[in-house]
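Take a look at the structure set out below.
Sequence lines set the chain letters: A, B, ... in the order given, protein chains first and strands last, and positions in each chain run from 1.
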Amino acid sequence: MAIEPIKRLFLIAPAERREPILAELQKLGVVQIEDISSNNEAQDEAEVFDWSLVKPHILPERRNIQKQYDSVVNAIRFLRNFIPDRLDYLSIFEKAPDIVSAEDEQKILREYAYEKVMEDLREQDGRLKNLHAKKLSAMTRRDNLLPWKDLDVPLNYFCKTSHVVIRALIVPTASVDACRKAAEEAISELWTFKVGETKKSKHIIVIFHKEHQQTAENILQSFDIHSAVLPCSEKTPAELIAEIDDFIAQIDAETKEIEEHLAARGGDLLKLKVVADNIQNVLHRKEAQELCGETRSTFLIKGWVPDVKTPAVEKAVRAIADETDLYFAEPLPHENPPIILKNTKPVYLYESVLGIYGLPDYREPDPTPTMGLFYFIGFGYCLADAGYGGLLALLTGFLLKKLKLCKGDRKFLKMLFLSAISAMLFGMATGSWFGNLLTDSTFPTGAGWTMKLVEKIQLIDPLNKHIMVFLGAALAVGFIQLSWGVMIKFYTLARTGNYLDALFDPFAWLLFAFGIPIAILIHPRVGMWVSIAGLAIMLFFGGRAEKGIFQRLVMGIWTIYGIATGLLSDILSYSRLFALGLASGIVASVINIILFFMWPSLPVGKPWYYWLIAPLGWALTIAMLCIFHFINMLINVLGAFIHTARLQFVEFFPKFYQGGGARFIPFETQASFVEIEHEQNKKIV
Amino acid sequence: METTMAITQNGSLLGLALGLLGAGLCLGMGGAGSSIGVGYAGMTASGVVTEDPNKFGKLIPFVAIPGTQGIYSFVIFFVITVMKLNLLKTPNLPTFHQGLQLLFIGFSAGIVEYMSAVYQGKVASASIGIIAKRPDQVGKGFILPAFVETYAIIALVATLLIVIPMKIG
C-alpha cells in the first residue's frame, strides 16, 4: 500500500566479468542502471570512488547490432503483410506478444538460420516489386491501345508507308469539326476514318500525302492535338490487347503464388520474432554497457534496486564473480529515486488512473488507495445506471476474456470492470435500469413485478422526490474527499516534524470546514464556533511568513478568502456527479420512450397478416434499443471516466499531493514480439 | 385587470409557448455548439489519420467529447418538454411566470452549452496533437477538455435543480 523502498546500488567488478554480470542482471530485471557520467559532483560517495578514473564506455559495435535488428524487424513487417492477423478492434488496445516456451526459444536461437530466411524474403520482395513494375508498364501499353481496339488492320501498316503519312489522332470532341474544316481546306487529298469515340474525344485515323506533312503538323499543333504512338507490330490492336491481358493475368497468377507462399510462412514469422527480441536484448545489454563506467581493469554500475531485491542481486552477482564489490545505500536527500508502486489487489488497478496524472514523489505517501476508493464511488455516481453498469461489466469482461492484451490495457479494463460494478450499485440505489425501462408502466418491460422489484431495491428516487438528496450526497462525497486530502497533508507535515505548519494550515482548514457539517447535523452554535476558531488561526497565522503585524493580518485575510472560495468551488465541482448521474438515466429514458412508440401491441382481433408484421416491429424495436443503449453507454462511460479523473486531479490532489516521481524502468529482458514462458514463471501464474 | 390576473395565475397557452421557446433555444444552441466543436476535433483527427491510420481508435473519444454539450441540452429539452410540459400526452399548461422561467433558464443554459462546446472542440483538437506526437500521454489529453466542460455541467445542474422540482400549472 505504498511506494516500494529503493536502495542506491554501486557495483564494481573486474572488467572481464562485465558481460556475464550484465546478462544476469538483465535476466533478473530488478535493477535500473543510471548513466555513470551524470551528476557525480559533490556527493559523499566521492570518498569511495575516484570519479576522475571512471569513464563512460563507448561501443562502436552497437551500431551494427542496431542495423541487424532493424533488418530483422523489416523482414517481420514485410512478412506480416501477407499473414492475416486477427481483427484489431479499431486498434484501441495493444496486443500482447505471442507466447513461446523457453525450450523452443533456445532451439530457435540455436538452429534457425534467420540470415538465410531474410535473404529469401528480400528476394521474394524484389520479385514482387519487379512483377508489380511489369504489370504497371503493361497496363500503360494497354491503355494506349484501347482507343484503337476497333481498328482492324495490323499496326505495322502505319510505319511501312513510303508516300503517305498515316496518323492516329485523339481529338477532343469540341474541336473535331473546326479541325476537320481547317485540314480539308489546307490539304487536298485527305482521308479520315473514325475508329471509336468516348464522351470527351474521337479517335480518328488520318491519311495524307507526305508533301502535306508540314501543313498537317502545323494544324495539329494549333489545335493542340498529339498523335498516338503505336507499336510497329504485325498484329491488330485487338490482338495486342488480348496478348497484354494474357500477360497481366500471368503476372497476377505469379504474384498470387508468391503471396500464398509467403502467407504460409507463419512459422518463419514467429521464429523471426524470437530472433528480433533476442537481438533487441543484446542491443539493450550494449546500451547498458555504455551507461556503465570503466577504469583500466574494472567496470562500474551505478543504479537503483528495490530494497527487497538486494539479497537476490547480491547472490546472483557473487555467483558469477565473488570478488565483486557491491554497495547498497539509502538514497541521499537531494536524489530522486525512481518509483515502484506496491498496492494490494483491487487498489492496484487504480494505478492506471494515477499514471495519467503522474507518479508520486519518493518521499510522499502513495495516493492510490484513497484515490481508488473515491474513483470507484465517483464513477458509479456518474454512470448511476444498473443496466449500463451491467453492460459495461459484460463488455469489459468479454474483452478481458477474449483478447490477448498487453499488461497496461488489461489493468485498465479490469479497473473499468470494477467501476462498472460501482455503477450497477448506484443504479440499483437510484432505481435506474436502462433509465425507466423497468419502471414505466406503458412499456411491455415495465410489467408490475419488475417495477415492484426495482422499487424494493431502490433507496432514493432522484427524478421525482429526492433531487436535493441526490445533489447533497454528491456534495457530501466531495466534502469527505477534500477533508481526507487535507488530513493526509496534516499527517505528512506532522510526520516530517513540521508541527506548526501542520497546525496553522491543514488543521485550520479542517476546523473551518468541519464547522459546517457540525452546524447542520449537531448544533448550529457549536459548528459556528468551530469554524470561527479555524478562521482565527488562518487570520493570525495564515500570513506568518510576513514580517510586520499589519502585513501579516492582510495576508491572513487573503488566506481566508482563498480557502473559503476554494472550498466552495471545490465542493460545488462535485455537483457534476449529480448532473452526469441524472443525465445518463434521462437519456436512457428518452431512448426507451421514443423507441417504444414503434412497439406494436398484440394484434388480438386483427386480420391474420398483422401476426406477420407485428414480430417485425418487435424485432426492430429490440434491435434499435440495443444499438442506442450501447452508444449511450459508451458516451456516458467516457464522461464518467474523464470527469471522475478530473475530480481527483483538480480538486483532490492539490490538497496534499505533489507528484513528479519517475517510473522505475528496470534493465530487463524485453518482449516486444514474443513472450518467453519460463518454467518458474508458470508456477507463479 | 382580470385578464392579466388570469394570464399570470392560471396555466395558459402563452406560458406553454414561452416554455417551449426556452426548451427549443437550449436544444438548438447546444446542438449547434456541439456540431461546431465536434467539427473542429474531427478535422484535426482526420489530419492525424492520414499520417497514421492506426491511431483512429484512440482518436474517437476526442472527437466525441465536444458532443456531450448537445446531449446535455437535449436532456434539458427533454426534462422541460416531456417530463414537465408532458407534450407526448396531454400537455400541461404552465402559468405566464413559469413560462418565463423556462424561457430564461433554457436560453441561458443554451448559451453556456454553445460556447462550452465550441471551445471544448478547440481544446480537444489541440489535445489530439498529444496523440499524434506522444501517444503514451493520451490520458493527459483527456483531462484538459474536461475543464471546459465543467461550465456546461454547471449549467445543466442549475437547470435541473430549477426545472425538476417545478409544479406546472
Task: 4.5 Å side-chain heavy-atom contact, Val587(A) and Phe78(B) - done: no

- [ ] For chain B, find which of Val590(A), Leu580(A), Leu638(A) contributes the most heavy-atom pairs closer than 4.5 angstrom.
- [x] Val590(A)

- [ ] Tell me, for Tyr72(B) versus chain A, whether the close heavy atoms (under 4.5 Å) come from the side chain, the backbone, both or neither.
- [x] side chain

Task: Heavy atoms from other residues, nucleotides or ligands near CE of Met115(B) exceed 12 (cutoff 6.0 Å) - done: no

TODO: Measure the CD1-CD1 distance between Ile71(B) and Ile586(A) for me, rounded to the nearest 0.5 Å.
DONE: 12.5 Å

Task: Exercise: identify the closest heavy-atom pair between Ile143(B) and Arg646(A) - done: CD1-N, 4.4 Å

TODO: With a 4.5 angstrom heavy-atom cut-off, could you sort out which part of Phe597(A) is near chain B: side chain, backbone, both or neither?
DONE: side chain

TODO: Evaluate whether atom CZ of Phe107(B) has more than 12 neighbouring non-hydrogen atoms of other residues, nucleotides or ligands under 6.0 angstrom away.
DONE: no

Open item on the list: With a 6.0 Å cut-off (strictly less than), is the heavy-atom count around OH of Tyr119(B), excluding the residue itself, greater than 12?
Closed with: no

Open item on the list: Any non-hydrogen side-chain atom of Arg576(A) less than 4.5 Å from a side-chain atom of Thr150(B)?
Closed with: yes

TODO: Below 4.5 Å from any heavy atom of chain B, which atoms of Val353(A) appear? Answer side chain, backbone, both or neither.
DONE: neither

TODO: Considering non-hydrogen atoms only, spot the tightest contact between His643(A) and Ile153(B) and give its length.
DONE: CE1-CD1, 3.4 Å

Task: Under 4.5 Å from a heavy atom of chain A, the part of Leu88(B) involved - done: side chain

TODO: List the steps, then state whether side-chain contact (heavy atoms from CB on, under 4.5 Å) holds for Met468(A) with Leu161(B).
DONE: CA-CA 8 Å; Met468(A) 291 313 277; Leu161(B) 278 182; 3.7 Å; yes

Open item on the list: Within a 6.0 Å radius of atom CZ on Phe628(A), are there more than 12 heavy atoms belonging to other residues, nucleotides or ligands?
Closed with: no

Task: Heavy atoms from other residues, nucleotides or ligands near OH of Tyr151(B) exceed 12 (cutoff 6.0 Å) - done: no

TODO: Measure Leu471(A) against the heavy atoms of chain B and call it side chain, backbone, both or neither at under 4.5 Å.
DONE: side chain

TODO: Please state whether the side chain, the backbone, both or neither of Ile635(A) comes within less than 4.5 Å of a heavy atom of chain B.
DONE: side chain

Task: Leu572(A), part contacting chain B, at a heavy-atom distance under 4.5 Å - done: neither

Open item on the list: Using heavy-atom distances under 4.5 Å, tell me whether Thr68(B) contacts chain A through its side chain, its backbone, both, or neither.
Closed with: side chain

TODO: Heavy-atom distances under 4.5 Å only: say whether Pro61(B) touches chain A with side chain, backbone, both or neither.
DONE: both

TODO: Measure the CE-CD1 distance between Met83(B) and Ile593(A) for me, rounded to the nearest 0.5 Å.
DONE: 9.0 Å

